[in-house]
Amino acid sequence: MKKTMKRAAAFFCAAMMMLSFAACALEDPEASSASESSTEESSAQESSTVNVDESAMEDNLKGLCEYLDAKGYLSDSSAEMKASMIGAKSGIRYTVSLNGTDNIKIELYEFDLANLSKEATSVIESVKKDGTFTIVGLKAEGAMMSENGKYMMVYTDSVENEENTQREKEVKEAFAEFKK
C-alpha cells in the first residue's frame, strides 16, 4: 500500500511538473504589451555589466537570487520549484523577457553538499558531465553547476541572436562565480 502511494505521489509530482513546463510555453496575450515595454527597458538597462558586492550576499539560494537580481539578470516573475525531485534543498524559476516575451527561463537550485541524496548525486554528476540531467524520464538541458558545487542553474532562451547569446554568457559567468 505504501509503495503504491509513493508511486502515485511521484507520478502526481511528475505530472504537475510537466504541466508547469507546458504552461511556461504558453503566452498570456494580456501580458504581451506590458512585457514588450519591459523588454525594451530591460534591454537598455541590462546590456552593461553591473558591479555588485557579492560579499554582502548570503551564501544560500536567496543570496544567489539577490546577487543575480542586483546585476539585472532576473525579473519579478518567479515560481518555487519542486527541488526535492532532483534532491535539491530548494529551487526557484524566473521568467525573463529579452528580445521576446518571457523567452528566458532561469531555474536555480541549492544543494546541501553535506547531505546529498542518491538523486542529488546523480543529477550533479550528470550536469557536470554534459550539462543535462533526466527527471521523470525527461531530459533537462542547459544546466550547469556553480564553481563551489552548491548551486545548479538551468538556463533556456527561445530567442537566438547576438544580444541574447551575450546575456546568457554574462549570466552563466556571474552564476559560476557566486561564492566560489
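- Using a cutoff of 4.0 Å between basic side-chain nitrogens and carboxylate oxygens, K150 and D59 are scored as salt-bridged.
- Summarising the geometry of G87 relative to F111, their closest heavy-atom pair is O-CD2, 3.7 Å, with the distance given to 0.1 Å.
- When every heavy atom of F178 is checked against every heavy atom of G63, the shortest pair comes out as CZ-C, 3.7 Å.
- Atoms CD and CD, from E177 and E54 in turn, are 8.0 Å apart once rounded to the nearest 0.5 Å.
- With hydrogens and angles ignored, the 3.5 Å screen pairs a side-chain donor or acceptor of N164 with a backbone N or O of L98.
- When every heavy atom of I92 is checked against every heavy atom of C65, the shortest pair comes out as CG2-SG, 3.7 Å.
- Considering only heavy atoms from C-beta on, F175 comes within 4.5 Å of L64 through its side chain.
- Atom CG of D76 has 12 or fewer neighbouring heavy atoms from other residues, nucleotides or ligands inside a 6.0 Å radius.
- Electrostatic pairing of K128 and E125 does not count as a salt bridge here, judged by no charged N lying under 4.0 Å from a carboxylate O.
- Once rounded to the nearest 0.5 Å, the distance linking CD1 of I135 with OG of S122 reads 10.5 Å.
- N148 approaches K179 most closely through the heavy-atom pair ND2-O, 3.2 Å.
- In the hydrophobic cluster analysis, where Ile, Leu, Val, Met, Phe, Trp and Tyr join through side-chain heavy atoms closer than 4.5 angstrom, V159 is grouped apart from V154.
- A heavy-atom distance below 4.5 Å is not found between the side chains of T134 and S126.
- For the pair I86 and M81, the minimum side-chain heavy-atom distance is 4.5 Å or more.
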- Could you go through the side chain to side chain donor-acceptor pair (under 3.5 Å) check for Q166 and E162 one step at a time? CA-CA 6 Å; Q166 180 62 33; E162 190 175 318; over 6 Å; no
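- Under the 4.0 Å criterion applied to side-chain N and carboxylate O atoms, E163 and R167 are not assigned as salt-bridge partners.
- Heavy-atom neighbours of E58 CD from other residues, nucleotides or ligands within 6.0 Å: at or below the threshold of 12.
- Closest approach of A83 to G91, counting heavy atoms only: CB-N, 3.5 Å.
- How far OG1 of T156 is from CD of E141: 10.5 Å, rounded to the nearest 0.5 Å.
- The backbone N or O of D102 lies less than 3.5 Å from a partner atom in the side chain of S97, making a donor-acceptor pair.
- Proximity of L61 to Y109: side-chain heavy atoms (C-beta onward) are nowhere separated by under 4.5 Å.
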- Could you walk me through whether L108 and M152 pass the side-chain contact (heavy atoms from CB on, under 4.5 Å) check? CA-CA 6 Å; L108 301 167; M152 181 177 76; over 6 Å; no
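- Put simply, the side chain of I106 does not reach to within 4.5 Å of the side chain of R93, judged on heavy atoms.
- The backbone N or O of T95 sits less than 3.5 Å from a side-chain atom of S75, completing a donor-acceptor pair.
- With rounding to the nearest 0.5 Å, the separation of OG in S158 from NZ in K105 is 7.5 Å.
- Minimum heavy-atom separation, L68 to A174: CD2-CB, 3.9 Å.
- Atom OH of Y151 is separated from atom CE of M144 by 14.0 Å, given to the nearest 0.5 angstrom.
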